[in-house]
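Naming: A, B, ... by sequence-line order, numbering from 1 per chain.
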Amino acid sequence: MRGVIMKLLILHTDYIEFIAKQKTKIAEDVPEEKRHGRAEEALAVFIAVEKEDEKAKDKIAEKATEEILDIYSKVKAQRIVLYPYAHLSSSLSKPDFAIAVIRLIGNKLKERDYEVIKAPFGWYKAFELRCKGHPMSELSREIRVEEEKKENRALKAEQGLKKSWYVLTPEGDNIPAEEFDFTEYESLKIFYEYETSGTRIMNKEPPHIRLMKDLELVDHEPASDQGNLRWYPKGTFIKRLLEEHVSNIVRDYGAMEVETPIMYDYAHEKLSSYLNRFPARQYVVKSDDREYFLRFAACFGQYLMMHDMTISYRHLPLRLYELTHYSFRREQSGELAGLKRLRTFTMPDMHTLCRDMVQARDEFLRQYRLSMRWMEDISIDYDVAIRFVREFYDENRDFAVEMAKLVGKPILVEIWEERFFYFVMKFEFSINDALNKAATLSTVQIDVENTERFDINYVDEKGEGEHPLLLHASISGGIDRNLYAILETEYLKSLRGEKPSFPIWLSPTQLRIIPVSEKNMSYAEDILEFFREKKVRVDIDDEGDTLGKKIRKGEKEWIPYIAVVGAKEEENRNITVRLRKSGEQITLSGEELAELIEGENENKPFMNIPLPERLSMRPKFRG
RNA sequence: GCCCUGAUAGCUCAACUGGCAGAGCGUCCGCCUCGUAAGCGGAAGGUUGGGGGUUCGAGGCCCCUUCAGGGCUCCA
């Protein structure tokens, strides 16, 4: 059990006066004038900081501050003297840590406009005081911090974070979001409102959940932990293509693909300090007597790899990439939602080392463009949010404007007064779902902290080691979440009377062949063969249903091209195709149709049809 | 994690206040061989999520539990 971290002896005094006489070897440097102090009507706070985990610094300082103020107000003291007093404890912390904690308490008190005097640390001091002697004038306190579970510290910091919102136009106008006229920017408005209020009564389940089941893509798996899903062949197929496509984009951009372990030792020194920056709850795996946590991204694996690499400034920018199949985040059970938020998910994760901010900005922008391309390839509309630390924003205003220009519409800007996280800025591409909730897909962040923490170095021209800047990039965001975005978007389309569809390159079946009767089977099979060789995903409805029934089946599966072949086609050696998008029927040759489909597949990965070509050979995965 | 709601055939859902567990779709068998979103007939299919309790009797009431959806919270 982690227990006592700090002991306080608190005296309400008529006065206290001290003079620092002589340095010890751990003395803090203080200017001459601060070596002496006197305060009337003071609360004298004698402090011993004990040997304990430094991670608790903020927390312990906060609690101590609260204790002091509690007593201060009860006894109606007028000022506070913080007096380092080692003799309260036999188990002292390191001097540096103690100094830091006491300063922190001092600062916290000053921030709240209390008059504070600090006696110098590590000096032999003479002091004199007169204790008031009323019942509350002599108190001791032990400040304890419960062992916090391995979670959730950065979060608490965020709660006190001051943030402000703006809308930045492509013309470069930066307007406080409250004053912005959202009339023509409905989706940005929804996004902004979701970000700032979040709460709304929407007692419906997101429509993608029904769709992912009905289309036999993905399903719940009650035998697993919550938020771990079962992927049927068609879902797996779409997922693989998305993965392959985003990986291709990232590799073509120049990232080196790697693979790193999915679990890490809790006790690893660097990782544990990193974990404190992350509010997530982890899955824990036991192996012998050790505990490992499952990664929530590829960060660790790549940091540790980069730490061991020998990197010259000539190698920068340097990019490592991994498709994290899987990442694990033990989200609170109430937060899980279909494909939107999972406990086990797949996400591309790239880290780019950059020499300086100029290079980092350049890479950031290139990755921004890659993300734009991604969104276009999956046919999803999005809004952009950029989040900055104030100081960084003031220096990089032009940069933000450029991002608004690139997407050609106003974007949301959030500004933090202080840097609570490890990054100074990030962008996010966000989509609105059918319930007007927002979800982040693509995101890139500029990290100014972790190369130091993980001791990642490159050697500059002078032969000296330097910590580079680090970009975290997920060009597509979570793959699962991309499918959620597609399904929600298509659902919204169906509400507008349009037919929902997958982009052609993601359609499990691109072309369905329906013979009018068994007499036409042989011709239908010729066509099947033809398209298979043309790399079109084609299948054939060889079951005993009526034509109408088969059409209905095909439409329910969102098949983009449905070819009906009967005596007419057989005679003319052509095909009559029903086009899902327009609903029209056209007759054309096999070559023409193949060209049409190939055109829509361009520059996208291809995989063969994930199910038997004959429908009569297909099992039902669900209902 | 907390609060609310829910779980009945493979799927979607019925079953009045506690009184014989049902339909449509799908599956299987047979008929039909069909021109652009459901052809016809028949059969099989259930420890009502799991466990415990109350009751002459529980799908429906009580307790526990698992999973799902929503709200809070959270979203690196």
What is the distance from [atom1] of [X] to [atom2] of [N], rounded to the nearest Å?
| X | N | atom1 | atom2 | answer |
| --- | --- | --- | --- | --- |
| A:E335 | B:G70 | CD | P | 12 Å |
| A:D214 | B:C25 | CG | P | 17 Å |
| A:E543 | B:G26 | CD | P | 10 Å |
| A:L336 | B:A68 | CG | P | 7 Å |
| A:D433 | B:G69 | CG | P | 14 Å |
| A:M212 | B:A68 | CE | P | 10 Å |
| A:L294 | B:A76 | CG | P | 20 Å |
| A:R481 | B:A76 | CZ | P | 9 Å |

Pick base, sugar-phosphate or nothing for [X], based on heavy-atom distances below 4.0 Å to the nucleic acid.
| X | value |
| --- | --- |
| A:G548 | sugar-phosphate |
| A:T576 | base |
| A:G544 | base |
| A:I209 | sugar-phosphate |
| A:K519 | sugar-phosphate |
| A:G478 | nothing |
| A:A223 | nothing |

Between A:A438 and A:N520, name the one whose nearest nucleotide on RNA chain B is closer to the 5' end.
A:N520
Which residue lies more 5' along RNA chain B, comparing A:R343 with A:E518 via nearest heavy atoms
A:R343
Hey, does the side chain of [X] come within less than 4.0 Å of [N]'s phosphate (OP1/OP2), counting only N and O?
| X | N | value |
| --- | --- | --- |
| A:T546 | B:G39 | yes |
| A:R210 | B:U12 | yes |
| A:K620 | B:C11 | no |
| A:Q226 | B:A68 | yes |
| A:R578 | B:G35 | no |
| A:R329 | B:C74 | no |
| A:K340 | B:C75 | no |
| A:K437 | B:G71 | yes |

Give a yes or no on this: more than 12 heavy atoms of other residues, nucleotides or ligands lie within 6.0 Å of atom OH of A:Y491.
no
Do other residues, nucleotides or ligands put more than 12 heavy atoms under 6.0 Å from the CD atom of A:E452?
no
Quick check for you: among [options], whose closest atom lies nearest to any side-chain atom of [X]?
| X | options | answer |
| --- | --- | --- |
| A:Y194 | B:A37, B:C74, B:C34 | B:C74 |
| A:Q585 | B:A37, B:G35, B:U36 | B:U36 |
| A:I551 | B:C74, B:A37, B:A76 | B:A37 |
| A:R552 | B:A37, B:U33, B:C75 | B:A37 |

NZ/NE/NH1/NH2 to OD/OE distance under 4.0 Å, A:R622 and A:E216:
no
Can you tell whether the side chains of A:E490 and A:K499 come within less than 4.0 Å, N to carboxylate O?
no
Of A:R512, A:K549, A:K550, A:K553, which is the lone residue that meets side-chain hydrogen bond (donor to acceptor under 3.5 Å, both in side chains) with A:D541?
A:K553
A:R341 (side chain) and B:C74 (base): donor-acceptor pair under 3.5 Å
yes
Classify the side chain of A:E569 versus the base of B:G35 as yes if they form a donor-acceptor pair under 3.5 Å and no if they do not.
yes
Please determine if A:R361 forms a cation-pi arrangement with A:F399, meaning its NZ or CZ atom is less than 6.0 Å from the six-membered ring centre and no more than 45° off the ring axis.
yes
Using the six-membered ring of A:W231, assess whether NZ or CZ of A:K239 lies under 6.0 Å from its centre and within 45 degrees of the ring axis.
yes
